[in-house]
Every structure is written in structure tokens, then in C-alpha cells.
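Below is one structure; the comments refer to it alone.
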Amino acid sequence: MTTADEIQRLRGLLKIEQHEQEQKWLSKGSDYKQLRSEGVLLYPIHVNKRRFGFADYPVLELSFSYTISNPSFRSGVPVALFDAESGEHVNGSLISLSEYRGEVILYTHDFPDFIENKNIGIRLTPDTKSFDQMHGILKRIEKNENPSLSKKFEIIHGIQPLPYSTKVEVKTWMNKALNASQKSAVEHILGEQLITIVHGPPGTGKTTTLIEAIHQLVNQDKKIVVAAPSNTAVDHLAEGLLKSELKIIRLGNTLKAKESIWKYTPEGILSQPDLAKQLKKLRIRADEYRRMAGQYKRQFGKEEREQRNLLHKEVKAIRGEIQQLSELYLHRELKEAQVVLGTPIGLRDKLIYDIDFDYFFLDEAAQCLEPLAWVGADLAEKMVLAGDPFQLPPTVLSEKSEKEGLSISMLEQAFNSNLDKHLLAIQYRMPPEIIGFSSQYFYDNALKSFKENSGVEDPLVFIDTAGADFVETKGDDGSIHNGQELEVIHKLLPEWKTEFKSISFISPYAGQVARAHNLFPDIRTSTIDSYQGQEDEMIILSLVRSNQNGTIGFLKDYRRMNVALTRAQRKLVVIGDSATLGNDDFYQQFLDYVEGINGYKSVFEFLY
């Protein structure tokens with residue numbers, strides 16, 4: 001195996017994935033209900049509010065009345081606003097998407113005329129920018145344009161060995177509460193090696209560990225760039241760094257950043273009084289030209305059309321002035337920042353091309369496509385990967401690309417190449433009964449709980465529906481659900497609500513989640529995939545599958561189950577059919593574990 005072979009393999013899989021996106025997301029079909037069920041679009045939508053946002057682009061605040069389970073709908077992805085009747089569309093990107101609400105920015109001079117129509121929607125579009133960046137960085141590695149980057153690629157892929165891991169003893173800790181495994185990880189990050197790997201499930205203090213390491217490096221006058229595959233993860237780290245009193249700048253899609261972070265984004269920096277006053281004058285001029293252009297109706301003559309085009313050109317010219325002035329000011333601020341943060345694509349900003357970074361930190365590295373991770377890794381000499389390869393991998397649309405390895409993240413590839421890694425061994429989120437099985441199955445029993453108990457009786461319970469004829473059903477949309485499991489939960493929920501302030505219902509199947517949302521409107525409901533990275537006091541996990549063949553579908557992805565089993569802070573209730581699940585070795589081990597801690601219950605104990 002050579003570097004060229006691996007590069008060509010990855011580029012080939014990227015091309016397949018891009019083609020799959022184009023085939024699916026640019027579908028000309030008009031069966032919007034079907035396309036919505038496939039997770040390709042939001043339709044219909046209702047526009048609640050419209051405004052002009054950063055760089056004077058139109059922003060829509062919208063709502064809808066159905067559940068979205070496709071993880072591809074995430075902050076920053078490219079989308080198009082479309083009119084179902086005329087076929088017209090305008091490109092943009094998704095700012096944010098929460099339950100039944102979202103925000104979209106449009107890349108055009110003004111709101112389109114069809115915005116007044118009822119049959120409008122939002123559809124995903126191929127992420128051309130990201131694919132171009134990923135192909136570009138892989139070609140750079142193959143051509144050895146950045147020898148340090150090419151060397152790191154060969155180390156990650158086992159083509160050449162990583163030199164023995166070294167560490168630097170820390171004399172003064174910024175956070176004196178770090179445990180031994182966290183301190184060891186920090187000291188290795190400060191060592192001489194090009195790549196350092198820090199891993200552990202949520203709740204083991206990865207963010208705390210990374211912040212300590214970054215603080216130690218900043219004290220050595222090192223320049224740091226930090227990335228994560230999602231804007232949510234980037235913002236989480238940004239908040240921690242701000243509490244640590246480090247000077248940061250958050251790049252990329254920041255239109256929905258929290259108030260605590262916003263003033264450290266380009267938009268927040270440009271809102272400072274003196275500069276904001278200059279920019280406001282330019283925007284007022286642009287608004288006036290837009291208003292004048294808007295006086296022309298859709299049906300008009302040649303002269304009116306030319307006049308409208310001239311006015312739009314003026315708007316474009318003013319936008320150029322705004323951009324030039326903004327970039328001049330931002331470049332000065334970036335030079336002074338100690339830490340720059342963003343998604344890998346968000347960091348590909350010409351404003352930082354002339355900044356020499358010493359370290360690239362990638363958080364949630366197990367959820368980042370490997371080629372995307374290299375886009376960020378190109379920015380600095382040394383690299384720190386943090387995450388958990390035993391949780392869900394990156395989302396890949398093409399089944400062929402997934403099977404042939406595109407869903408293998410850089411972190412997982414590093415594990416496959418047996419690189420030196422540092423486990424954060426203390427779990428702070430949950431009691432030993434809840435974390436015990438995951439520690440046993442995924443982490444070689446090396447993961448221990450900081451909590452002695454959760455303060456509740458039976459912190460982990462498995463409710464077995466075997467023998468109760470709780471048969472799974474396939475809905476019209478193709479998603480599988482199990483109504484009888486929901487009925488049992490509905491019966492027990494009032495009792496649980498008296499003990500726990502906050503409860504979440506999760507399931508692998510969108511059909512089950514949609515039905516649970518209608519049945520339990522006052523608790524949070526979510527697919528496991530959408531819930532990754534979150535937690536709650538009590539988690540109810542419905543496994544759904546119950547059939548005579550022992551078929552469990554994508555419950556076979558044990559990493560999805562690891563996500564589900566590590567969300568609860570105090571109590572986890574799992575409901576499922578042991579007769580169906582027990583044919584699989586993973587679930588049989590889980591059932592044995594539950595029996596061993598006296599957490600097994602038959603559903604018949606609750607039916608009568």
C-alpha cells in the first residue's frame with residue numbers, strides 16, 4: 001500500500017458520495033411527501049420572519065409541522081429554497097434547525113418573489129464547496145506539497161510508524177481538578193510527536209482536557225487552531241476557552257452562535273460601535289437601492305428591466321465595499337487572537353492563510369470524514385485528535401462508499417493503525433451500573449465511574465417484552481415502529497415524571513420517534529443519531545424490533561447502541577424483545593449484564 005493508492009481510494013469514494021448526493025438531492029421528482037420521508041427536503045414550510053443578516057444577505061426564520069430525522073440537515077449545510085409550483089429556487093445554507101423550526105440564509109441580493117407563495121420548501125443540495133476542498137487537500141498530500149501533512153497521512157494510514165510518544169512534565173496546572181488520565185493526556189499533547197490521540201466517551205472530560213492543553217500551549221506562545229465537524233461542538237469548545245480567559249475568534253457559520261460567543265465572531269467584532277457606524281451607512285444605501293428596484297413589478301419593459309439591473313449592480317458594489325472594509329478589520333483581530341475556531345470548511349478563510357499555526361486540534365474527530373479532517377490539518381504542524389471511535393461514525397449517504405471505508409474517520413483509522421492513544425478513564429456523567437456494560441464491551445473495562453450511585457433505585461432497567469406478542473410494524477413511510485412498547489411507556493411515564501425533572505425518549509427508528517412525539521408531547525423525543533452529544537436525567541430507549549426471524553436491522557451497528565446507552569445521568573430504561581435481540585451476541589451480552597446487576601424486568605410485571 002502506498003500513499004498514492006490510499007489517496008486514489010479516498011478520492012474515488014468521495015466521487016461516488018458526491019454523485020449519490022447529486023442524484024438524490026437534485027431529484028426532479030415532485031412527490032414531495034416521499035422526498036420528505038427520505039429526509040431530502042423540508043416541505044411545506046411557513047416563513048415566520050425575514051431580515052437581512054451578515055454581509056447583507058437575506059435570512060428566513062421558518063417553521064414546519066413534522067419530524068426531521070436526517071442528520072444531514074445540520075447547521076452550515078448548503079440548501080435551496082424552492083417553489084413547488086414554478087420550480088424556481090435560490091441557493092443558501094442552513095443556519096440552524098431545531099424541533100419544528102429553522103433559519104436559512106439566502107445567497108442573493110433580495111428575497112425572491114415566490115417567497116409569498118404557499119408551496120415553498122427547503123431541500124438539501126450537494127455540498128460542492130466541501131467536496132472541492134476535500135479533493136484539493138488529498139491532491140496536495142499526494143503531491144507532497146506540504147511534507148509535514150503528507151508524513152502525518154502516512155502515519156495515520158500505517159505506511160510509516162509514529163515515533164515513540166513523548167511527554168512533557170507540567171509544573172503548574174491551570175485546572176488542578178484534572179484526574180491522572182487527563183493530566184497524562186495533556187503532557188503527551190505537549191510532547192514532541194506530530195500526532196496525539198485522546199479518546200473516551202462523552203462525560204470523561206475531553207473538553208476539559210483539551211482546554212488545559214491549549215492553555216498550556218498558549219502560555220508557551222503557541223498559536224492554536226481548533227476545529228470540530230459540527231458548529232455545536234465548535235461553540236462548546238469556544239465557551240470553555242472563553243471561561244479560561246483565552247482570546248479567541250470563531251470563524252465560519254456563526255449566525256446562530258450563542259450570545260456568549262457572538263461578540264467573538266466576525267459579525268460580533270464588526271458590530272463594535274465605530275466600525276458598525278460605517279457599515280450601517282453602506283447598508284442604508286444598499287437598502288435604498290433595493291427599495292427602488294422593488295418598485296418594479298415582475299411584468300415590465302426593457303427600460304425598466306435595465307434600470308432594475310443597474311440598481312442591483314449598485315447593491316452588489318456596495319456589498320463589495322462592506323466586504324473589503326470588514327476583511328481589513330477582521331484580519332487585524334485574527335493576528336492578535338490566541339485561538340481560532342471553526343469547522344474545517346469554516347476555517348478555510350483567506351483571512352488566516354498567512355497565519356502560522358503551531359497546533360491543530362480536532363474535537364469530535366470520530367464524527368468527521370477523514371478527507372474533511374485533512375482540510376483543517378493543513379493549517380498547522382502538529383495535530384491533536386480527540387473523540388470516541390466507539391460512538392457513531394460520520395454520516396455517509398452512499399452505501400457503497402460507506403461499505404468501502406469512507407465512513408472510517410481519521411480517528412478510527414488511527415486506531416486501526418495501532419497508533420499510541422490516551423484514554424480518559426474516569427466517567428463523570430453516570431453511575432457505574434449505567435456505564436458498566438459499555439466499559440466492558442467497548443473500553444476493555446478500563447472506564448470507571450466517578451459517581452458511586454445515581455441516588456435512584458435500579459439505575460439501569462431492561463423491560464423484556466418477550467412472549468407478549470409486541471410485534472413490530474412497518475409504516476407507509478417504510479420506517480418500523482412498535483406501538484405496544486409505547487403503550488407500556490405511556491403507562492409508566494407518570495410515575496417516572498414524579499421522580500425525574502427531565503426525561504428524554506430515544507429510539508433508532510424515526511417512525512417510533514414520530515409516534516412517541518404525539519403520545520408524549522411533554523418530554524423530548526429523538527432518534528439516537530440526532531441525540532448524540534446530548535444527555536438527560538432519565539433516558540427511555542425503545543429498541544422496537546420484535547419478530548420471529550430474529551432480524552434486528554441497523555441495531556447491528558453497535559456504536560449506535562453505545563451512544564444510546566451513554567446518555568443517561570441517573571436512570572436508563574431500555575425496552576425490547578429478548579427473543580429477537582438475544583440471537584445477536586452483543587445484545588445477549590447486554591442481557592447477561594442487566595441480569596447480573598438485577599436490572600432485568602419482564603413486561604408482564606407492568607401489564608397487570
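Computation of the quantities below employed the complete heavy-atom set of this structure, encompassing side-chain atoms and omitting hydrogens, waters and symmetry-equivalent molecules.
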Would you mind telling me which of D363, I224, V226 makes a side chain to side chain contact (heavy atoms under 4.5 Å, CB included) with L210? D363

What is the ring orientation for W374 with F153, classed by angle as parallel under 30°, tilted 30 to 60°, or perpendicular over 60°?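 Rings of W374 and F153: tilted, 30 to 60°.
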
Ring-plane angle category for F390 and Y443, please: parallel below 30°, perpendicular beyond 60°, tilted otherwise.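 The rings of F390 and Y443 stand perpendicular, inter-plane angle above 60°.
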
Using a strict 4.0 Å threshold on nitrogen-to-oxygen distance, state whether [X] and [Y] make a salt bridge.
| X | Y | answer |
| --- | --- | --- |
| D354 | K335 | yes |
| K223 | D356 | no |
| E239 | K243 | no |
| R250 | D235 | yes |
| R560 | D529 | yes |
| K556 | D584 | yes |

Apply the test salt bridge (Lys or Arg N to Asp or Glu O under 4.0 Å) to residues R567 and D536: give CA-CA distance (whole Å), side-chain angles for both, the deciding distance (0.1 Å), then the verdict. CA-CA 6 Å; R567 302 301 102 193; D536 213 337; over 6 Å; no

Residues, nucleotides or ligands: over 12 heavy atoms within 6.0 Å of R9 CZ: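 Result for CZ/R9: enclosed.
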
Pairwise side-chain contact, I214 with L246, heavy-atom cut-off 4.5 Å (strictly under):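 In short, these two side chains touch, coming nearer than 4.5 Å.
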
Which atoms form the tightest heavy-atom contact between [X] and [Y], and what is the distance?
| X | Y | answer |
| --- | --- | --- |
| P126 | P78 | O-CG, 3.9 Å |
| F82 | I122 | CE2-N, 3.5 Å |
| R559 | P393 | NH2-CG, 3.5 Å |
| L541 | A564 | CD2-CB, 3.7 Å |
| P201 | Q391 | CB-NE2, 4.0 Å |

Could you go through the side chain to side chain contact (heavy atoms under 4.5 Å, CB included) check for L411 and I197 one step at a time? CA-CA 8 Å; L411 185 64; I197 298 167; 3.5 Å; yes

Do E370 and H157 meet the criterion of a side-chain donor-acceptor pair at a distance under 3.5 Å? yes

